[in-house]
Amino acid sequence: MNKHRKNPNTLTIKESRAIIKSNLREMKRLEQLKRAKLTPDQFTTVMKSPDNILEIDNLETCFFTDNGVVRSVNKISFDVPKDSIIGLVGESGCGKSVTSLSIMQLVQAPQGQVVGGEIRFQSDELGKDEQGRSRCYNIVKMPTQDMCRIRGKDISMIFQEPMTSLNPVFTVGYQIEEVYLLHTPNATKEDARRKAIEMLSLVGIPMPETIVDYYPHQLSGGMRQRVMIAIALTGNPKLIIADEPTTALDVTIQSQILKLLKKVQKDCGASVMLITHDLGVVAEMADYVVVMYAGKIVEKGTVYEIFDNPLHPYTIGIQKAKPSLDSNASGELYSIPGNVPNPINIPNECLFKGRCDKRCGKCAGEYPKEIKITETHSVFCHLYDNEKGE
């Protein structure tokens with residue numbers, strides 16, 4: 001027996017240097033693309049469907065680490081219809097937040113980069129092409145300076161933790177006014193202050209004329225989250241991305257924030273991408289659901305299809321893990337066995353097979369293709385190859 005056999009889980013100095021050198025070369029190339037001067041024709045395209053506000057097609061977002069490439073978002077595709085709420089669900093680390101940051105061009109660079117795919121966002125200012133199709137921006141190719149024109153105005157984001165997202169040295173009114181002044185030509189400071197008071201009133205904050213001069217530390221967690229929503233709505237966006245907006249709040253305040261978000265969505269006619277791991281929130285809020293696991297989409301459909309007829313073993317597992325009123329109080333809560341696979345240099349195969357109690361011979365092959373069950377319901381699982389075909 002060779003006592004000096006190399007541990008397969010470690011890297012030699014030579015291998016580590018080769019990875020770092022390759023990563024630096026690729027990161028430099030991708031950063032140069034962001035700074036390139038492009039004409040609008042080079043980062044605009046057409047929507048596949050005029051009924052969608054956002055179309056994500058084969059999106060791939062990677063993080064270049066010293067140990068290898070982490071594919072946090074691994075070639076995923078889904079649509080966000082107009083005037084709807086879509087829930088993006090999955091356990092922590094599955095790629096939900098990285099997907100939202102990719103849409104906003106806020107992935108932490110230079111290690112984090114969108115390396116492939118398209119993110120098509122419909123914009124009224126682009127009009128239609130000669131065939132009558134809606135023109136749109138391809139955010140993946142869009143230069144940073146052009147992205148700044150639509151970020152915060154046409155697409156806005158409610159971040160997960162308001163205390164770390166709000167600047168502690170500026171009043172909440174100043175932070176709302178900043179968005180208004182940035183995206184409203186010829187606006188005055190008086191106009192911006194009136195807008196800030198109007199937005200605070202819209203999200204249900206009492207005495208907005210007084211609260212507008214408060215600093216974030218003077219407000220409760222629920223009020224800070226309302227301020228975050230007010231900032232997101234100031235530009236009258238078409239798409240609102242809510243990244244676990246109720247995680248840090250107690251149950252009573254959670255309910256208030258969710259009702260507010262749904263009311264705002266209806267009043268403003270915007271679409272909402274709701275990122276959460278709470279299935280109860282999804283069942284109450286969403287029209288469509290996308291289930292992610294280890295950077296991949298495993299199932300997507302309407303909220304009724306996902307909850308009434310879950311197909312993928314992972315979707316079934318996370319629903320079984322949810323406590324219910326009729327569950328045995330003395331029994332243990334179900335948990336999916338096994339662990340999430342190592343995200344570094346993951347192979348093109350089913351990543352859930354090591355934890356799945358329904359795996360079959362096909363699971364040893366390539367990652368399953370999308371199998372359409374209905375027009376809106378699809379699953380990525382070899383169990384359904386023979387039922388609907390690939």
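- Counting only N and O atoms by type, the side chains of Glu244 and Thr276 include no donor and acceptor under 3.5 Å apart.
- In this structure, a donor-acceptor pair under 3.5 Å is present between the side chains of Thr302 and Glu305.
- Applying the side-chain contact (heavy atoms from CB on, under 4.5 Å) rule to Ile19 yields the partners Leu11, Asn23; only residues at least two apart in sequence or on another chain are considered.
- Ion pair Asp191/Lys195 not flagged as a salt bridge, since none of the NZ, NE, NH1 or NH2 atoms sits closer than 4.0 Å to an Asp/Glu carboxylate oxygen.
- Residues Met273 and Ile103 are in side-chain contact: their nearest non-hydrogen atoms beyond the backbone lie under 4.5 Å apart.
- Under the 4.5 Å side-chain criterion, counting only non-hydrogen atoms from C-beta, Arg194 is in contact with Glu190.
- Cluster annotation: Val46 is not connected to Tyr137 through the hydrophobic network of ILVMFWY side chains, with a link wherever side-chain heavy atoms come within less than 4.5 Å.
- Distance alone, capped at 3.5 Å, is enough to place a donor-acceptor pair between the Asp287 side chain and the Ile85 backbone.
- Of the possible donor and acceptor atoms, none in the side chain of His312 sits under 3.5 Å from a partner among the backbone N and O of Lys300.
- Under the side-chain contact (heavy atoms from CB on, under 4.5 Å) criterion, Ser134 pairs with Met47, Pro50, Gln122, Lys128, not counting sequence neighbours.
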| said: Test side chain to side chain contact (heavy atoms under 4.5 Å, CB included) on Asp79 and Ile56; report intermediate values, then the result. | reply: CA-CA 6 Å; Asp79 301 330; Ile56 294 179; over 6 Å; no
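- Remark: Gln42 pairs with Leu38, Thr39 by the side-chain contact (heavy atoms from CB on, under 4.5 Å) rule, at least two apart or across chains.
- Proximity of a side-chain donor or acceptor of His183 to a complementary backbone N or O of Glu178 within less than 3.5 Å is not detected.
- Side-chain N/O atoms of Glu118 and Thr45 include no donor and acceptor closer than 3.5 Å.
- We find that Arg25 and Glu31 are not joined by a salt bridge, their nearest charged nitrogen and carboxylate oxygen being 4.0 Å or further apart.
- Ile318 places none of its side-chain heavy atoms less than 4.5 Å from the side chain of Glu91.
- Here the CG atom belonging to Leu258 is positioned 9.5 Å from the NZ atom belonging to Lys262, to the nearest 0.5 angstrom.
- The side-chain heavy atoms of Ile306 and Gln319, taken from C-beta on, include a pair separated by under 4.5 Å.
- Between Asn345 and Asn67, the shortest heavy-atom contact is ND2-O, 4.2 Å.
- Judged purely by atom type and a 3.5 angstrom limit, Gln254 uses its side chain to pair as donor or acceptor with the backbone of Thr246.
- Contact of the Asp83 side chain with the Gln265 side chain is registered, since non-hydrogen atoms from C-beta on lie closer than 4.5 Å.
- Looking at Gln113 and Glu26, their side chains never bring a donor and an acceptor atom within 3.5 Å of each other.
- Not one N or O on the side chain of Thr184 forms a donor-acceptor pair closer than 3.5 Å with the backbone of Leu181.
- Considering every non-hydrogen atom in both Val115 and Cys62, the closest pair reads CG2-SG, 3.7 Å.
- A donor-acceptor distance shorter than 3.5 angstrom exists from the side chain of Ser271 to the backbone of Pro81, with no hydrogens or angles considered.
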| field | Worked verdict on Asp146 versus Arg149 for side chain to side chain contact (heavy atoms under 4.5 Å, CB included) | value | CA-CA 6 Å; Asp146 291 287; Arg149 290 189 293 105; 3.5 Å; yes
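- In this structure, Ile316 and Lys358 have side chains that are in contact, with non-hydrogen atoms separated by less than 4.5 Å.
- Checked for salt-bridge contact, Asp57 and Lys48 meet the test: a charged N lies under 4.0 Å from a carboxylate O.
- Between Lys353 and Glu349, at least one side-chain N (NZ, or NE/NH1/NH2) sits under 4.0 Å from a carboxylate O, which counts as a salt bridge.
- The shortest side-chain heavy-atom distance between Ile240 and Leu233 falls under the 4.5 Å cut-off.
- The cluster map of Ile, Leu, Val, Met, Phe, Trp and Tyr, joined by side-chain heavy atoms under 4.5 Å apart, puts Val140 and Leu33 in different clusters.
- In terms of heavy atoms, Tyr384 sits closest to Leu311 at OH-O, 2.6 Å.
- No side-chain heavy atom of Phe78 sits less than 4.5 Å from a side-chain heavy atom of Glu55.
- If you take CD1 on Ile20 and CG on Leu24, they are separated by 7.5 Å, rounding to the nearest 0.5 Å.
- The main-chain N or O of Val172 is never found under 3.5 Å from a side-chain atom of Glu177 such that the two would form a donor-acceptor pair.
- Sorted by first then second residue, the salt bridge (charged side-chain N to carboxylate O under 4.0 Å, His left out) pairs that include residues 205-216, not counting sequence neighbours, are Arg193-Asp213.
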| query | Val298 and Val379: side chain to side chain contact (heavy atoms under 4.5 Å, CB included), yes or no, with the steps? | reply | CA-CA 6 Å; Val298 296; Val379 64; over 6 Å; no
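- Cluster annotation: Ile205 is connected to Ile253 through the hydrophobic network of ILVMFWY side chains, with a link wherever side-chain heavy atoms come within less than 4.5 Å.
- Side-chain contact annotation: Thr61 with Ser102, donor-acceptor N/O pair under 3.5 Å present.
- Judged by distance alone, the side chains of Ser77 and Asn58 never bring a donor and an acceptor atom under 3.5 Å apart.
- Here the closest non-hydrogen pair linking Ser100 and Ile241 is CB-CG2, 3.5 Å.
- When hydrophobic side chains of Ile, Leu, Val, Met, Phe, Trp and Tyr are connected at separations under 4.5 Å, Tyr174 ends up clustered with Val169, Phe170.
- For the residue pair Gln105 and Lys34, no side-chain donor N or O sits within less than 3.5 Å of a side-chain acceptor on the partner.
- For residues 269-302, the pairs satisfying ring-ring contact (aromatic ring centres under 6.0 Å, His included) are Tyr293-Tyr314, Tyr293-Phe352, with sequence neighbours left out.
- Tyr367 is connected to Val70 through a chain of hydrophobic side-chain contacts under 4.5 Å among Ile, Leu, Val, Met, Phe, Trp and Tyr, so both are in one cluster.
- Of all the heavy atoms in Val282 and Val289, the pair that sits closest is CG1-CG2, 3.5 Å.
- When atom types are taken as modelled, the side chain of Arg120 and the backbone of Cys136 share no donor-acceptor pair closer than 3.5 angstrom.
- A continuous path of ILVMFWY side-chain contacts below 4.5 Å connects Val98 to Ile76, so both sit in one hydrophobic cluster.
- In terms of heavy atoms, Ala232 sits closest to Ile158 at CB-CG1, 3.8 Å.
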| request: Take Gln256 and Thr252 through the test side chain to side chain contact (heavy atoms under 4.5 Å, CB included) and record every step on the way to the result. | output: CA-CA 7 Å; Gln256 294 176 7; Thr252 305; 4.0 Å; yes
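- Listed for the Glu60 side chain is no donor-acceptor partner under 3.5 Å among the backbone atoms of Asn74.
- Of the possible donor and acceptor atoms, none in the side chain of Ser378 sits under 3.5 Å from a partner among the backbone N and O of Lys372.
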